[in-house]
Structures are given as C-alpha cells and as structure tokens.
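Read the structure below first, then the notes.
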Amino acid sequence: MSVRTAIIGAGKVGRTHAQVLSALPQANLVAVCGRTLEKAEVLAAEFGALPFANVSDMIRTAGVEAVIVCTPHPAHADPTIEALNAGAHVLVEKPLASSLADCDAMLAAAERSGRTLGVISQRRWIASAQRIRTAIDTGQIGKPILAIATLLGWRSPAYYESDPWRGRWDTEGGGVLVNQAPHQLDLLLWYMGEVAEVSAYWANLNHPQIEVEDTAVAILRFKSGALGNLVLSNSQNPGLYGRVHVYGETGAALGVQTDGGSMFVAGMTPTLEPPYNDVWTIPGEEALLAGWQADERDLFQRIDPIGHYFALQIADFLDAIQAGHPPKVTGADGRRVVELFSAIYESQRINAPVKLPL
C-alpha cells in the first residue's frame, strides 16, 4: 500500500525529491507546497500533483500522510512543525535545521504528535559506506580510535547566484558546515559515536561575494576516547572529493570516498564519479578492494546515482512509518550533526575548545 506524500519547497531539491517519489512504489505523490501558489503550481503540474501555498491546508485537503521538507535550511523548522501538528510524518532535507533550538522544537513537535521525524542522509545507503559500519560492528578493527573526514570541493559565483538565499547567514544558515558537510559529519558520527569536545576554526578564504564560511577545520575528541579530524572546504577549484576514514586499534584502516571529481549540486551538476572504498587494510581482506571498486563502477553505470540513494532512504522512511518503527536515520541523528557544526562555530567564537552536549 502506497503512502500519500507531498513536497514542501518547490525549488531544485524539491524537484529532485518529486522525481524520486513519482517513481517509488511505496509513494503516491499527491501535492506540492511552495512559498507562493505560483511556484507550487509549476512543480505540481509536472508530476500530476495538487499545488498549495499552505502546509496545513495541503495535508488536510489532499490527505497527505508524509512530507519531505526541501526549503532552505533556516526555514526547515516552521513547515516541519506545522506538518507534524497537522498529522503528517516528516522527512527533512539535510541538515535537520541550522540551529539546535530549531532541532529541539522539531523533535518536541514529533514527540507531541506521535509522528515520525527523519532527516535525509542518503550516503548511508552507499554499499562502501555500509561496509565500514559492518566492519566496526563486527569488531574487525577492534575499537575505532581515529577518524578523518575530508571534503574538498568548489562552489562558484554562479552557484551562489543561482538562488538568492545562498551564501547568507540569515537565509542559508552557514556555509560548507551547514550545506555541504552534513553528509560527511553524519557518517563520522555513525561510525564513531558521540563527540565529547571540539576545537575548531572556520573562515571565508576565497569567496568575497558571500557572508558565510567556505572552509572549516576541527579536532574532535569522542566520548569513547577516540580522536578525529575534519578538513572541510568549498575553496578548491575544481572540486576534488569527500572522504571519511576510520582507523582501528588493530592498526587496520577503512575508508570511503563518497564524492569525487566535482561536488554534486542539486539541479545543476551530475555526480561525476562513483563512491567506493578507497582504503581497506583488514588482514586477509586487502585483496577484496579491487572487486568492490569494480562493483561500484558497474552499479554507477546502471543507475541514476542521485535518485538511487534518495530512493533507498525514502523507501526506508515510508516502510518505517507503515510498520510503526523508527527509520534508519532519525531526527535525533540529524540533531547530532547540527550540534557538531554548532560546536565548531562556537569554538571559534570563544577561541577555546567546546564541550558537548551543548
């Protein structure tokens, strides 16, 4: 039985999700809500859905059971809370919000309404990313003791000009930390667990036309005692890669390159390279790496690499709400990412390490 679904936010990312929902057996895309009715009408007409400019009206009139929120980051909380209060389950594009206060209000609304809140983190469904989690869970590297997340990308002036909300604190909520890095931050936390302390710096190094940071670096101490390092930047032209590496107490190293060639921009650029495990030194398994990489290249040629992973996560979310259990990526998972980048901002503000939880 399919779930009656809707999109909130009729921009580029909203269209990407509408494409996925329209092809997903678990979903019946029935409505689109935009800032203005005119904007919603354009996207709704393309997918045979009904247009709305009010979230509560849409959920009530179209009988919407689940929505995906695709508005700019600081505008995630209001439509999410309204949708939850109106009785819909909500999946929010990353990050969950641009502030912890918004995250907490969203989680509280989900608790009150008895509805499910999740956040997009579709890179968890990459086989090479899941392989790392399995190796950790089965004790193949012993205790994880060190992790490194690297994102070296590029955002051109045309990117910031493509939408008026980009590059501003009040309408984007931040730069590389808020917009591009949440995928790597989520994987890092998925592998390593809770962070205890952050020491960080951030800067705008070569994007004078914007207000927000294009680069951030941080040193992390996890509650487990493990250490971590972040190097995150939109200042490398062309974009290079996004990677997460985990090192175990046995000396073994595991790595996934989630993005390569050039950083994907929704509605503007394709994904250029397949994700793959770029390092794997578990004794006796080293020779498996070439085969896994060949499998990833083969899959990449046979799928839409953007829609494929979105579809896997959205299907998980819809299946979870029908079965009455949590999705694999919850609202609480999304809050942890926001807490981490909030701590990075705070560390520079006070010029000192920041202890978590905030």
Side-chain angles (χ1 to χ4, degrees), residues 1-8 17 20-21 24-28 55 59 64-70 73 76-77 79-97 99-127 129-134 136-138 182-195 222-224 244 308-341 356-358:
M1 184 176 175
S2 62
V3 178
R4 293 177 67 82
T5 58
I7 299 294
I8 300 175
H17 282 289
V20 173
L21 288 173
L24 202 61
Q26 293 95 328
N28 177 16
V55 172
I59 292 170
V64 173
E65 299 170 279
V67 303
I68 302 180
V69 174
C70 302
H73 319 124
H76 283 179
T80 294
I81 294 168
E82 186 175 355
L84 290 165
N85 289 341
H89 304 276
V90 183
L91 182 59
V92 184
E93 249 299 345
K94 59 81 190 162
L96 184 62
S99 74
L100 278 177
D102 279 356
C103 289
D104 290 338
M106 295 157 79
L107 287 163
E111 180 70 21
R112 285 194 309 270
S113 66
R115 294 299 186 263
T116 299
L117 177 63
V119 64
I120 288 290
S121 190
Q122 78 276 15
R123 283 164 178 77
R124 285 203 199 184
W125 274 260
I126 295 171
Q130 292 183 340
R131 195 172 287 125
I132 293 174
R133 177 60 192 254
T134 299
I136 293 170
D137 288 345
T138 55
H183 290 298
Q184 280 67 39
L185 299 183
D186 177 69
L187 288 178
L188 189 80
L189 295 171
W190 192 38
Y191 297 148
M192 302 299 292
E194 303 286 340
V195 175
F222 294 92
K223 289 184 178 178
S224 67
V244 180
H308 178 75
Y309 296 107
F310 276 134
L312 291 175
Q313 179 170 6
I314 294 169
D316 169 77
F317 183 80
L318 298 179
D319 289 343
I321 63 177
Q322 287 189 304
H325 61 70
K328 290 181 180 175
V329 186
T330 66
D333 292 325
R335 186 191 188 280
R336 281 188 278 273
V337 170
V338 177
E339 182 178 48
L340 178 52
F341 68 60
L356 282 74
L358 295 183

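Just so you know, these numbers use all the heavy atoms, side chains as well, and skip hydrogens, waters and symmetry mates.
- Take His73 and apply the ring pair (Phe, Tyr, Trp, His ring centres under 6.0 Å) test, not counting sequence neighbours, and it matches His76, Trp165.
- Looking at residues two or more places apart in sequence or on another chain, you find a side-chain hydrogen bond (donor to acceptor under 3.5 Å, both in side chains) between Glu93 and His17.
- Under the side-chain contact (heavy atoms from CB on, under 4.5 Å) criterion, Gln26 pairs with Leu24, Ala315, Leu318, Asp319, sequence neighbours left out.
- A search for side-chain contact (heavy atoms from CB on, under 4.5 Å) contacts involving Arg4 returns Asn28, Val30, Glu65, not counting sequence neighbours.
- With sequence neighbours left out, the side-chain contact (heavy atoms from CB on, under 4.5 Å) criterion links Val20 to Phe310, Ala311, Ile314.
- Contact detail for Pro25 and Ser2: the closest heavy-atom pair is O-CB, 3.7 Å.
- Residues Met106 and Val90 are not in side-chain contact: their nearest non-hydrogen atoms beyond the backbone lie 4.5 Å or more apart.
- Sorted by first and then second residue, the salt bridge (charged side-chain N to carboxylate O under 4.0 Å, His left out) pairs involving residues 322-333 (not counting sequence neighbours) are Arg124-Asp333, Asp333-Arg336.
- Shown here for Ala88 and Val67, the closest heavy-atom pair between the two residues is CB-CG1, 4.4 Å.
- Rounded to the nearest 0.5 Å, atoms CD1 (Ile8) and CG (Leu91) are 11.0 Å apart.
- Between Leu356 and Glu339, some side-chain heavy-atom pair lies under the 4.5 Å cut-off.
- The main-chain N or O of Trp190 is found under 3.5 Å from a side-chain atom of Arg133 such that the two form a donor-acceptor pair.
- Residue pairs meeting the side chain to side chain donor-acceptor pair (under 3.5 Å) criterion with at least one partner in residues 102-111, sequence neighbours excluded, are Asp104-Arg335.
- Across every non-hydrogen atom of Ser121 and Gln313, the tightest pair is N-OE1, 2.7 Å.
- Qualifying side-chain hydrogen bond (donor to acceptor under 3.5 Å, both in side chains) partners for Arg115, counting only residues two or more places apart in sequence or in other chains: none.
- Test Ile120, Val329, Val119 against Leu96 for side-chain contact (heavy atoms from CB on, under 4.5 Å) and you get one pass: Val119.
- Pairing each heavy atom of Leu107 with each of Gly331, the nearest pair is CD2-C, 3.7 Å.
- With hydrogens and angles disregarded, a donor-acceptor distance shorter than 3.5 Å links the side chain of Asn85 to the backbone of Ile81.
- Partners of Thr134 according to the side-chain hydrogen bond (donor to acceptor under 3.5 Å, both in side chains) rule, which considers only residues two or more places apart in sequence or in another chain, do not exist here.
- Counting all heavy atoms, side chain and backbone alike, Ala110 lies closest to Ser113 at O-OG, 3.2 Å.
- Side-chain contact between His308 and Gln122 is absent, with no heavy atoms from C-beta onward closer than 4.5 Å.
- For the pair Ile68/Phe317, no side-chain contact is recorded, criterion being any heavy-atom separation below 4.5 Å from C-beta on.
- Rounding to the nearest 0.5 angstrom, the gap separating the CG atom in Leu117 from the CD1 atom in Ile321 is 12.0 Å.
- Taken from CG in Leu21 to CD1 in Ile7, the straight-line distance is 4.5 Å, to the nearest 0.5 Å.
- Looking at every heavy atom in both residues, Ala97 comes nearest to Phe341 through O-CZ, 3.6 Å.
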message: Walk me through whether Asp316 and Leu312 qualify under side-chain contact (heavy atoms from CB on, under 4.5 Å).
response: CA-CA 6 Å; Asp316 169 77; Leu312 291 175; over 6 Å; no
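- The side-chain hydrogen bond (donor to acceptor under 3.5 Å, both in side chains) search around Arg112 returns none, not counting sequence neighbours.
- With sequence neighbours excluded, the residues satisfying side-chain contact (heavy atoms from CB on, under 4.5 Å) with Ser224 are Lys143, Phe222, Ala226.
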